[in-house]
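A, B, ... follow the sequence lines: proteins, then strands. Residue 1 opens every chain. Just so you know, these numbers use all the heavy atoms, side chains as well, and skip hydrogens, waters and symmetry mates.
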Amino acid sequence: MAKIAPPQPVRGTQDMLGETADRFAHVVDRFDAVRRLFGFQRVEVPVIEPTAVFARSLGETTDVVSKEMYSFDDRNGDSITLRPEFTAGIARAYLSNGWQQFAPIKLATHGPLFRYERPQKGRYRQFHQLDAELLGSDSPLSDVELLCFADHLLRDLGIADGVTLQLNTLGDSASRDAWRAALVEHFASHRAALSEDSRARLDKNPLRILDSKEAADRPIADAAPDIDQFLTTEAQDFFAAVTAGLDAAGVRWQRNSRLVRGLDYYRHTAFEFVTDRLGAQGTVLGGGRYDGLIENLGGPPTPAVGWAAGIERLAMLLDAPPPSQLDVTIALEDDALRTDALALLRRLRDAGYNAECIASGSPRKRFDKAAKSGALVLLSLATRDGTKQLNARHDGGERAVAIEAVARTAQ
RNA sequence: GCGAUCGUAGCUCAGUUGGUUAGAGCACCGGUUUGUGGUACCGGGGGUCGUGGGUUCAAGUCCCAUCGGUCGCCCCA
């Protein structure tokens with residue numbers, strides 16, 4: 001029979017084992033602990049949503065919707081999409097379940113998201129995010145609360161040192177529209193000098209020219225008007241209240257007037273925690289205020305603010321975790337003593353020690369393998385002169401002595 | 001969608017201007033004459049050199065195509 005070729009993984013997906021999986025789990029564990037500290041409720045939402053949930057909230061013309069979504073028709077012919085982000089689905093759940101009754105409500109979740117993109121460092125087609133949302137509050141204190149949560153998490157993970165919080169305001173819709181018009185005018189007058197990419201952006205997403213990486217664009221982008229002169233009094237006051245709150249809470253931030261958001265629904269506060277340690281993928285956590293989103297989905301006007309962070313990226317920034325220390329390895333040198341080994345394992349594990357038993361391969365090799373396992377205590381179970389013998393080898397430390405005592409306890 | 005770069009054993013990698021039978025470490029299996037020692041030593045199995053064409057007396061090595069990985073652009077966390 002011809003051997004079939006083994007299947008390949010779907011491009012941009014990952015299989016995680018050992019340290020990689022441990023790092024991932026650690027990020028999620030700490031997120032869950034910190035979200036409790038800040039009183040964010042755990043929320044679970046579906047991985048699949050009707051395509052319209054994302055098409056309406058993100059904007060039909062955005063790249064995410066027009067070319068990056070995993071969409072398919074289910075058996076009824078309804079268009080279904082694997083979620084490319086959390087916010088839209090949570091907003092949908094908020095409306096579906098009448099969570100207005102709990103507003104303002106603080107929610108947190110995490111899980112897989114899907115975007116059809118070329119994979120590169122810290123970017124995958126199935127990727128994973130932490131997500132925090134605060135719905136139903138128009139107070140700048142909510143923005144501050146959310147940023148304090150993010151800052152606390154990064155400090156808890158021990159990666160805050162290499163990461164800076166960049167902050168900007170996009171203003172309310174009146175401010176944003178006026179600024180956008182001024183930017184279009186500015187960039188249009190320099191159209192010929194712009195890079196090819198930015199000439200395309202001018203029609204599709206002019207704000208994005210501001211953070212262009214193209215050298216040719218930098219002088220023009222740097223000379224573009226800031227939003228500040230277009231901010232309404234209300235928008236100015238809002239941003240001032242956010243920054244004052246951050247200062248009071250001891251969260252360090254940097255104004256980045258070139259920071260914009262890719263998606264249409266953002267208003268007012270926009271922020272990114274950025275590092276230079278992840279190549280081109282510098283944003284570790286990003287978000288902002290999206291007062292218009294829930295209305296876009298057909299709900300009542302509802303202010304909201306949120307952020308998301310890539311778990312893979314956070315995991316890559318973590319210090320190397322200490323190698324896991326095995327407490328005991330048993331070298332079972334005589335298969336006739338298999339039941340004794342099982343009983344011994346049970347006793348050790350009941351006492352809270354992690355224990356392994358080496359019982360395969362040639363009997364003579366088992367001691368070798370056990371010795372290489374790096375366990376604190378090496379136990380060997382053998383038959384000598386017709387009698388059962390249990391030997392222990394260790395460094396004489398306190399824990400090791402306690403382990404040997406448990407091992408020698410009569411059953 | 002575009003660009004760069006890399007595919008050699010289960011894993012990490014050597015492999016010279018193209019030149020005999022493609023190597024190492026780790027992992028796996030066996031042996032080192034019943035042993036309070038053995039994290040050692042010796043040996044063994046395992047490769048269509050990603051795949052398909054081409055150039056050549058001769059291709060892991062050069063050329064073309066294709067598939068896959070990585071990094072970058074676009075976009076975005």
Side-chain angles (χ1 to χ4, degrees), chain A residues 3 5-14 17-18 27 58-59 61-69 83-87 110 112-132 150 163 195-201 204-205 207-209 211-215 259-263 266 271-275 278-288 306-317 329 331 333-334 358 360-375 378-386 389-393:
Chain A
K3 220 183 150 192
Q8 293 185 329
V10 173
R11 181 188 285 247
T13 60
Q14 17 174 13
L17 176 70
V27 170
L58 301 181
T61 63
T62 57
D63 278 28
V64 173
V65 171
S66 62
K67 57 184 206 195
E68 293 176 3
M69 292 204 305
R83 62 186 179 198
E85 60 142 42
F86 274 116
T87 307
H110 63 84
L113 303 168
F114 303 85
R115 285 184 199 174
Y116 190 87
E117 302 179 283
R118 284 297 285 269
Q120 50 184 285
K121 189 179 183 68
R123 291 182 79 158
Y124 305 91
R125 287 189 175 178
Q126 177 179 334
F127 59 109
H128 301 81
Q129 285 187 346
L130 312 173
D131 186 87
V163 176
S195 67
E196 195 180 328
D197 282 337
S198 284
R199 284 201 293 276
R201 289 184 182 116
K204 274 177 58 184
N205 198 355
L207 270 55
R208 273 285 163 194
I209 302 176
D211 56 6
S212 170
K213 290 169 185 164
E214 202 68 48
L259 177 69
V260 295
R261 303 275 69 194
L263 305 175
Y266 284 101
F271 54 86
E272 288 183 4
F273 287 81
V274 179
T275 179
L278 290 179
Q281 311 303 320
T283 301
V284 147
L285 184 154
W307 56 250
I311 298 177
E312 289 87 351
R313 293 187 190 176
L314 292 172
M316 284 189 280
L317 291 171
T329 299
E333 296 187 84
D334 179 355
I358 307 288
S360 67
S362 77
R364 302 196 56 149
K365 291 282 192 209
R366 296 180 186 182
F367 187 92
D368 253 13
K369 285 194 203 170
K372 280 187 191 171
S373 73
L378 192 170
L379 295 175
S380 64
L381 208 48
T383 305
R384 298 280 153 71
D385 305 321
Q389 280 202 359
L390 174 67
N391 291 305
R393 204 172 79 166

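Note on A/S380: a base of the nucleic acid sits closer than 4.0 angstrom, heavy atoms only. Contacts of A/D197 with the nucleic acid, taken as non-hydrogen atoms under 4.0 Å apart, involve only primed sugar atoms and P, OP1 or OP2. Residue A/R11 is classed as a sugar-phosphate contact, given heavy-atom separations below 4.0 Å to backbone atoms only. Nucleic acid contact for A/Q389: base, since at least one base atom lies under 4.0 Å from a heavy atom of the residue. Counting any heavy atom pair closer than 4.0 Å across all strands shown, A/G122 reaches a base atom.
Close to B/C29, at under 4.0 Å from its OP1 or OP2, lies a side-chain N or O of A/K369. At the phosphate of B/C76, neither OP1 nor OP2 sits under 4.0 Å from any side-chain N or O atom of A/R261. An OP1 or OP2 oxygen of B/G72 is reached within less than 4.0 angstrom by a side-chain nitrogen or oxygen of A/Q120. Contact check, A/K372 against B/A40: a side-chain N or O comes under 4.0 Å of OP1 or OP2. Not one side-chain nitrogen or oxygen of A/K67 sits closer than 4.0 Å to the OP1 or OP2 atom of B/C74. Remark: A/R201 is in phosphate contact with B/C74, judged by side-chain N or O atoms under 4.0 Å from OP1 or OP2. Between A/K365 and B/C29 there is no side-chain polar atom (N or O) within less than 4.0 angstrom of OP1 or OP2.
No donor-acceptor distance shorter than 3.5 angstrom exists from the side chain of A/R366 to the backbone of A/E333, with no hydrogens or angles considered. No side-chain donor-acceptor contact under 3.5 Å links A/R83 to the backbone of A/F114.
You'll find a donor-acceptor pair under 3.5 Å spanning the side chain of A/N391 and the base of B/U36, going by distance alone. Between the side chain of A/K121 and the base of B/G72 there is no donor-acceptor pair of N/O atoms closer than 3.5 Å. The base of B/G37 lies close enough to the side chain of A/E333 for a donor and an acceptor atom to sit less than 3.5 Å apart. Checked by distance alone, A/R123 brings a side-chain donor or acceptor within 3.5 Å of a matching partner on the base of B/C75.
The nucleotide B/C71 finds its pairing partner in B/G3, both defining distances of the Watson-Crick or G-U wobble pair being shorter than 3.5 Å. When both distances must be under 3.5 Å, the Watson-Crick or G-U wobble mate of B/U66 is B/G50. Pair assignment for B/G44: B/C28, on the basis of Watson-Crick or G-U wobble contacts that are both within less than 3.5 Å. B/U39 makes up no base pair with any nucleotide shown, lacking Watson-Crick or G-U wobble contacts both under 3.5 Å. Using N1 to N3 plus N6-O4 or O6-N4 for Watson-Crick, or N1-O2 and O6-N3 for G-U wobble, each under 3.5 Å, B/A14 pairs with nothing. The partner of B/U61 cannot be assigned: no Watson-Crick or G-U wobble pair with both contacts below 3.5 Å exists in any strand.
Among the nucleotides B/A77, B/A40, B/C2, the one closest to any side-chain atom of A/R313 is B/A77. Each of B/C73, B/A40, B/A77 was ranked by its minimum atom distance to the side chain of A/E117; first place goes to B/A77. Side chain of A/E68, nearest nucleotide from B/G30, B/C75, B/G37: B/C75.
Between the CG atom in A/D197 and the CD atom in A/E214 there is a gap of 6.5 Å [rounded to 0.5 Å]. With rounding to the nearest 0.5 angstrom, the CD atom of A/Q126 is 7.0 Å from the OG1 atom of A/T13. A/I358 contributes atom CD1, which lies 12.0 Å from atom CZ of A/F367 (distance to the nearest 0.5 angstrom). From A/T275, atom OG1 reaches atom CE of A/M316 across 10.5 Å, with rounding to the nearest 0.5 Å.
In this structure, A/R366 places its CZ atom 16 Å from C1' of B/G31, rounding to the nearest Å. Rounded to whole Å, the distance from CD1 on A/I209 to C1' on B/C74 is 14 Å. Rounded to whole Å, atom P of B/U39 lies 9 Å from atom CG of A/L378. Residue A/Q8 contributes atom CD, which lies 7 Å from atom P of B/G69 at whole-angstrom precision. Across the protein-nucleic acid pair, A/E214 atom CD and B/C2 atom P stand 18 Å apart, rounded to whole Å. One interatomic measurement links the two molecules: CZ of A/R393 to P of B/G37, which rounds to 8 Å at whole-angstrom precision. In this entry the distance linking CG of A/D368 with P of B/C42 reads 14 Å, nearest Å. Between the CG atom of A/L207 and the C1' atom of B/C76 there is a distance of 15 Å, rounded to whole Å.
A side-chain contact (heavy atoms from CB on, under 4.5 Å) with A/L381 holds for exactly one of A/D334, A/N391, A/L390; it is A/L390.
Taking atom P in both B/U34 and B/G10, the straight-line distance is 36 Å, to the nearest Å. To the nearest whole angstrom, the two P atoms, one in B/C26 and one in B/C42, are 11 Å apart. Rounded to whole Å, the separation between the C1' atoms of B/A59 and B/U51 comes to 16 Å. Using C1' as the reference atom, B/G47 and B/U56 are 25 Å apart when rounded to the nearest Å. For B/C71 and B/A14, the C1' atoms lie 24 Å apart once the distance is rounded to whole Å. When the C1' atom is compared between B/U55 and B/U70, the two are found 30 Å apart, to the nearest whole Å. Spacing of P atoms, B/G23 relative to B/G60, comes out at 13 Å, to the nearest Å. B/A22 and B/A65 are spaced 26 Å apart, taking the C1' atom of each and rounding to whole Å.
A/R313 is listed as a side-chain neighbour of A/R123, based on a closest heavy-atom distance under 4.5 Å.
The two atoms that bring A/R261 and A/G287 nearest to each other are NH1-N, 3.3 Å, heavy atoms only.
Both A/G12 and A/Y124 lie close to RNA chain B; mapped to their nearest nucleotides by heavy-atom distance, the more 5′-ward contact belongs to A/G12.
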